[in-house]
Amino acid sequence: MLKLNRRVAALKPSATLAMEARAGELKASGVDIISLAAGEPDFDTPERIKEAARKAMAAGATKYTPAAGVRELKAAICAKLKRENELDYKPTEVMAAAGGKQAIHNVVASLFDEGDEVIIPTPAWVSFAEIVRLSGAEVKLLPTRESDGFQLRAEELRRAITPKTRGIIFNSPCNPTGAVTNAEQLRELAKVLLEAKLWVLFDGVYENIIYVDRPPHPFAIEPRLKETGIVLNSLSKSYAMTGWRVGFAAGPAEIIGAASRLQGQNSGNPNSIAQAAAIEALNGPQDDVRKMAEEFGHRNKLVVERVRALPGFKLPNVPEGAFYAFPNVSELLGSKWKNGPLTDGNQVAEFILEEAKVAVVGGNDFGAPEHVRMSYATSRENLEEAFKRIANAVRKLKS
Ligand code: PLP
């Protein structure tokens with residue numbers, strides 16, 4: 001039998017990509033599927049950004065670049081961090097990567113090792129734990145409560161820290177819950193993190209898609225966090241640039257240097273044309289970002305209303321950011337479908353796919369098996385139709 005690398009062999013496929021792929025296959029075979037599975041804006045990349053890529057290609061920006069990105073992109077990232085997050089970083093402290101995912105991977109792989117423990121508050125994005133395990137470090141999932149609005153309590157964080165704990169990955173607005181951690185909560189958490197001297201990896205990929213007042217960046221609230229803090233971000237969601245693959249990390253030069261060396265050896269550099277597009281995205285007028293976020297805001301209201309009207313779905317917390325609803329479907333568990341009872345969120349997702357022809361993602365891999373994740377990165381028309389279909393399917397379930 002083929003012997004794979006132990007850590008790669010243990011990797012789980014991404015649940016979100018797997019569901020999106022299944023929805024795609026069903027669609028291709030002629031089934032009328034509505035997908036609420038993808039974590040991907042349905043908008044096209046703004047024209048000004050595409051034009052910058054065309055110009056770059058025509059001008060010959062088709063060669064290798066420095067591993068951590070071209071000088072202009074690093075400068076654009078530093079300017080963005082100053083303008084939007086009130087954070088001062090030098091170009092030696094930032095690294096562009098092929099998507100947020102690669103930035104996270106290269107930072108995690110550079111920082112953590114066997115014997116280390118990394119805390120991930122859950123529900124959490126499916127890839128954090130897999131990326132940490134790939135580094136050899138152990139994952140410590142730290143569940144939050146729906147009744148707390150999925151906010152991590154400072155005292156629970158303090159209790160979870162052991163001598164082996166070296167870091168935490170924190171994401172706000174959160175995929176999948178849509179929870180936003182406010183300034184007061186961040187201040188409380190910062191006290192614990194400073195005391196414990198943990199590496200704090202703060203993932204803000206949804207920072208522009210937010211329906212409440214945007215809290216300051218945690219490293220701006222508590223500047224001492226910056227000494228052991230890494231900013232993680234991406235252009236994928238804010239600029240509808242998922243396919244271009246541009247993300248970035250900012251942090252102490254030593255760590256960024258190590259992550260950049262790793263990148264130099266594993267992918268060379270982020271795509272040169274996408275880097276030119278990213279410079280325009282970050283430096284150009286930001287009206288398109290605001291417009292897309294505004295539309296997500298309308299859908300947020302629509303989806304909250306429709307989900308709350310679905311039999312068996314509970315959504316006590318209005319998502320305050322990102323573009324997901326993460327309803328609790330525990331009332332549906334035990335209902336009979338096919339040969340037996342529905343046992344968890346993944347099965348509810350299966351049921352919805354088969355009976356309603358709507359793709360959603362089960363909550364199991366997010367660390368919340370009584371939930372499903374519904375993305376509202378699709379048109380209001382699709383959303384209306386999807387919720388009609390789900391309501392019809394659920395009404396047919398037998399308790
Ligand atoms: N972080 C979170 C919380 C995400 O949801 C995603 C994508 O779904 C990413 C990071 C990475 O995005 P990308 O690799 O497209 O930049």
Side-chain angles (χ1 to χ4, degrees), residues 2 4 8-9 11-45 98-99 101 125-127 130 175-176 236-237 240-245 292 295-296 299 302-303 306-307 310-313 322-327 329 332-333 335-366 368-398:
L2 174 70
L4 287 173
V8 172
L11 265 185
K12 274 196 223 160
S14 157
T16 54
L17 296 186
M19 184 50 104
E20 191 48 25
R22 277 189 66 198
E25 274 164 29
L26 284 167
K27 250 187 225 170
S29 70
V31 184
D32 170 25
I33 296 280
I34 299 178
S35 179
L36 309 186
E40 172 166 61
D42 53 319
F43 307 111
D44 198 5
T45 304
K101 228 177 212 178
W125 179 46
V126 292
S127 293
E130 294 306 310
N175 172 10
S236 288
K237 320 284 175 172
M241 286 180 73
T242 44
W244 297 76
R245 311 309 299 137
M292 290 188 272
E295 174 56 24
F296 282 128
R299 296 177 192 175
L302 172 80
V303 165
R306 295 294 179 270
V307 173
L310 283 177
F313 287 64
F323 39 67
Y324 310 104
F326 199 57
V329 291
L332 295 180
L333 304 185
S335 304
K336 297 207 180 50
W337 178 55
K338 284 192 172 170
N339 304 324
L342 292 174
T343 54
D344 59 18
N346 279 4
Q347 274 206 2
V348 173
E350 280 298 319
F351 160 77
I352 293 173
L353 182 67
E354 273 198 37
E355 302 295 332
K357 305 284 180 271
V358 175
V360 302
V361 186
N364 298 45
D365 286 357
F366 296 95
E370 295 192 333
H371 292 254
V372 294
R373 191 192 76 170
M374 303 167 135
S375 160
Y376 45 91
T378 188
S379 68
R380 289 187 235 181
E381 205 182 356
N382 274 347
L383 289 168
E384 291 284 17
E385 174 61 20
F387 283 104
K388 260 188 227 151
R389 291 186 190 184
I390 298 172
N392 285 338
V394 172
R395 278 194 204 100
K396 284 186 221 144
L397 268 179
K398 293 196 183 67

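Just so you know, these numbers come straight off a predicted model, no measurement behind them. Values below: every heavy atom of this structure, side chains too, minus hydrogens, waters and symmetry copies.
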Can you name the side-chain hydrogen bond (donor to acceptor under 3.5 Å, both in side chains) partners of [X], sequence neighbours left out?
{"X": "Ser335", "value": "none"}
{"X": "Trp244", "value": "Thr45"}
{"X": "Lys388", "value": "none"}
{"X": "Tyr324", "value": "Tyr206"}

Which residue is it: Asn175, Asp365, Thr16? I am looking for the one with a side chain to side chain donor-acceptor pair (under 3.5 Å) to Arg373.
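Result: among Asn175, Asp365, Thr16, Asn175 is the only option passing the side chain to side chain donor-acceptor pair (under 3.5 Å) with Arg373.
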
Under 3.5 Å, is there a donor-acceptor pair between the side chain of Ser375 and the main chain of Ala37?
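Such a contact is absent between Ser375 side chain and Ala37 backbone.
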
Quick check for you: to the nearest 0.5 Å, what is the distance between Glu355 atom CD and Leu397 atom CG?
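One finds 8.0 Å between CD of Glu355 and CG of Leu397.
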
Nearest 0.5 angstrom please: Ile352 CD1 to Met19 CE, how far?
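Between atom CD1 of Ile352 and atom CE of Met19 there are 8.5 Å.
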
Please examine the side chains of Phe313 and Leu332, heavy atoms only from C-beta on, and report whether any two atoms are closer than 4.5 Å.
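Yes - at least one pair of side-chain heavy atoms lies under 4.5 Å apart.
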
Which heavy atom of [X] sits nearest a heavy atom of [Y], and at what distance?
{"X": "Thr242", "Y": "Arg245", "answer": "O-NH1, 3.0 Å"}
{"X": "Leu333", "Y": "Gly345", "answer": "CD2-N, 4.5 Å"}
{"X": "Ala23", "Y": "Ile33", "answer": "CB-CG2, 4.0 Å"}

Salt bridge or not between Glu40 and Lys237? Use side-chain N to carboxylate O under 4.0 Å.
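Result for this pair is no, no salt bridge flagged.
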
Test: salt bridge (Lys or Arg N to Asp or Glu O under 4.0 Å). Region: residues 24-36. Which pairs qualify, not counting sequence neighbours?
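Only Asp32-Arg389 qualify under salt bridge (Lys or Arg N to Asp or Glu O under 4.0 Å).
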
Contacts of Glu350 that satisfy salt bridge (Lys or Arg N to Asp or Glu O under 4.0 Å) - sequence neighbours left out
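Glu350: salt bridge (Lys or Arg N to Asp or Glu O under 4.0 Å) contacts with Arg22.
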
Are a donor atom and an acceptor atom from the side chains of Glu354 and Trp337 found within less than 3.5 Å of each other?
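Trp337 and Glu354 do not have a side-chain donor-acceptor pair below 3.5 Å.
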
